[in-house]
Amino acid sequence: MTDHIVKAYDDELNTLHELIHHMGEMTVQQIDKAIQSIIKGDEKLAHKVIETDDEINLLEVKIDELAVRIIALRQPVAFDLRTVVAALKISNQVERIADYATNIARRTLMLHDMPHLPLVEGLPALLKIPKRMFERALVAFATHDLNLALHVWHMDREVDELFNEYLTELFNAMIADPKNVGPCTQLLFAAKNIERIGDQSTNIAEAVYTLVTGKQFKESDPQ
Amino acid sequence: MDIKIDVKHLNLFYAEKQALHDVSISLQSHQTTALIGPSGCGKSSFLRCLNRMNDIIPSARCEGQVILDGEDIYARSVDVVEVRTRVGMVFQKPNPFPRSIFENVAYGPRIHGLFKSKADLNDIVEGSLTRAALFNEVKDRLHQPATRLSGGQQQRLCIARAIAVNPEVILMDEPCSALDPIATAKVEELIDDLREKFTIVIVTHNLQQAARVSQKTAFFHSGYLVEEGETGALFTTPQDERTQGYITGRYG
Ligand SMILES: Nc1ncnc2c1ncn2[C@@H]1O[C@H](COP(=O)(O)OP(=O)(O)OP(=O)(O)O)[C@@H](O)[C@H]1O
Ligand SMILES: [Mg+2]
């Protein structure tokens, strides 16, 4: 798309994209650190994740403020309007994903006095697809890539399958030894948070779909 | 919905120069249609075709049909004066007659004999000025020359003059370009009001105004009707790249 006649308008829209990019990058780091902390039982790292969440919340506020400012001062229409609306939605979804990372870090602290379970090693494999979905959804937004957005949307099915398998393993461990119930419950919460990262990423993909096509996403639509 | 004016394959020439190219559009009754597009794209020219105002320009020649309630206004049998009464116009530049404020509004009802008594005429004048959001500002000087009004007041006077004769269609060419935000809001409110009885076509360079007042928007470019559609759709999801470029303020 060509530039606006008013350059400052382009600058503001670019800033909006940059802020979301930055927020996304930070959130990916938060997810990685949270998983590391839970696998290694690294409480210092877990605390670090929990503290950093504030910075991400602030970024969301910044994006909101800039979006409202653009609406008030530029009265965006058409693709520009859809960009601002998508940015508002996506920043909200990224913020939620960052919350999931924080929740996982909290599990690290809860697991402190509990017996170590080898099942915790299964979390990175579980995270692989949701994290990739998240990263790709952000790229799809930055590049207005409809196909990539649809691809992300389809990936969610794989997440569900892996999640159900992991759940079965957790239940088996609990049945095998009641002492496992405590740590397994924490891992169950962590796994659920990972699964939600995938769900939120499909929401981002849907926002990109609307941005590019101007239509609301319907499950029956995508091929 | 009823079609009030059906424009079919309209071409307009000023001498050799073609100003409109094969324009076809249906204007619905009780709707406001906004015409937008870059300066010189033919909006005013198109508007003038709708009530044969181009007849006044010697070099102007048009082809195609403009069908008002089923009848082509360019047909030989049609009375031009009647067309212009049914299809009223507010011009881009305010053009009050060099007469009093009262006479400017009373002129139309007088020549068409639209009133029964002096009181009746007073009512028409007051009502028209009120609807055009001007009455309060001029009620103490109705018999002073209209030319002493400010530019924005003159524009509202011309709106009052246009609605005083109860037209069926009102064509407005940038009626608010000289108005402050309050007067603009009042005129927009008036447009919404008038829509219940009339059909309105408005040319505006103010895209937010087009979005606010109209149900349909048509985008013109270099004498071509590029895109027309429901206003909400056109401003959120324009179909043509040129429309997108124009309404978002990009180089087209
Ligand atoms: N009386 C005329 N004689 C010759 N050419 C004319 C006449 N009126 C308009 N034109 C030409 O026709 C084209 C369309 O003009 P028109 O006034 O319809 O544009 P517009 O869209 O109303 O522009 P603006 O937004 O500046 O009012 C222009 O190229 C203009 O120069
Ligand atoms: Mg004009």
- Part of A/Ile5 lying under 4.5 Å from any heavy atom of chain B: both

Would you list the atom pairs, donor with acceptor, under 3.5 Å between side chains in residues 192-201 of chain B and any protein atom, with sequence neighbours excluded?
{"unit_1": "B/Arg195", "atom_1": "NH1", "unit_2": "B/His30", "atom_2": "O", "d": "3.3"}
{"unit_1": "B/Thr199", "atom_1": "OG1", "unit_2": "B/His30", "atom_2": "N", "d": "3.3"}

- Message: If I take atom NE2 from residue B/His221 and atom NZ from residue B/Lys43, how far apart are they, to the nearest 0.5 angstrom?
- Response: 10.5 Å

For chain B and chain A, what donor-acceptor pairs lie under 3.5 Å, backbone included?
{"unit_1": "B/Phe235", "atom_1": "O", "unit_2": "A/Ala78", "atom_2": "N", "d": "2.6"}
{"unit_1": "B/Thr236", "atom_1": "O", "unit_2": "A/Arg82", "atom_2": "NH1", "d": "2.5"}
{"unit_1": "B/Gln244", "atom_1": "OE1", "unit_2": "A/Phe79", "atom_2": "N", "d": "3.0"}
{"unit_1": "B/Thr248", "atom_1": "O", "unit_2": "A/His4", "atom_2": "NE2", "d": "3.1"}
{"unit_1": "B/Gly249", "atom_1": "O", "unit_2": "A/Ile5", "atom_2": "N", "d": "2.8"}
{"unit_1": "B/Arg250", "atom_1": "NE", "unit_2": "A/Thr2", "atom_2": "O", "d": "2.8"}
{"unit_1": "B/Arg250", "atom_1": "NH1", "unit_2": "A/His4", "atom_2": "NE2", "d": "3.4"}
{"unit_1": "B/Arg250", "atom_1": "NH1", "unit_2": "A/Asp80", "atom_2": "OD1", "d": "3.0"}
{"unit_1": "B/Arg250", "atom_1": "NH1", "unit_2": "A/Asp80", "atom_2": "OD2", "d": "3.2"}
{"unit_1": "B/Arg250", "atom_1": "NH2", "unit_2": "A/Asp80", "atom_2": "OD1", "d": "2.8"}
{"unit_1": "B/Tyr251", "atom_1": "N", "unit_2": "A/Asp3", "atom_2": "O", "d": "3.4"}
{"unit_1": "B/Tyr251", "atom_1": "O", "unit_2": "A/Thr2", "atom_2": "OG1", "d": "3.1"}

- Item | Heavy-atom pair of closest approach, residues B/Leu149 and B/Gln154 | O-NE2, 3.0 Å

- Message: Using every non-hydrogen atom in the two residues, find where B/Gly152 and B/Leu179 come nearest and quote the distance to one decimal.
- Response: O-CD2, 3.1 Å

- For B/Phe135, does the CZ atom sit with more than 12 other heavy atoms under 6.0 Å from it, leaving out its own atoms? yes

- Task: Take B/Glu168 and B/Lys4 through the test salt bridge (charged side-chain N to carboxylate O under 4.0 Å, His left out) and record every step on the way to the result.
- Result: CA-CA 9 Å; B/Glu168 296 163 35; B/Lys4 186 70 186 176; 2.9 Å; yes

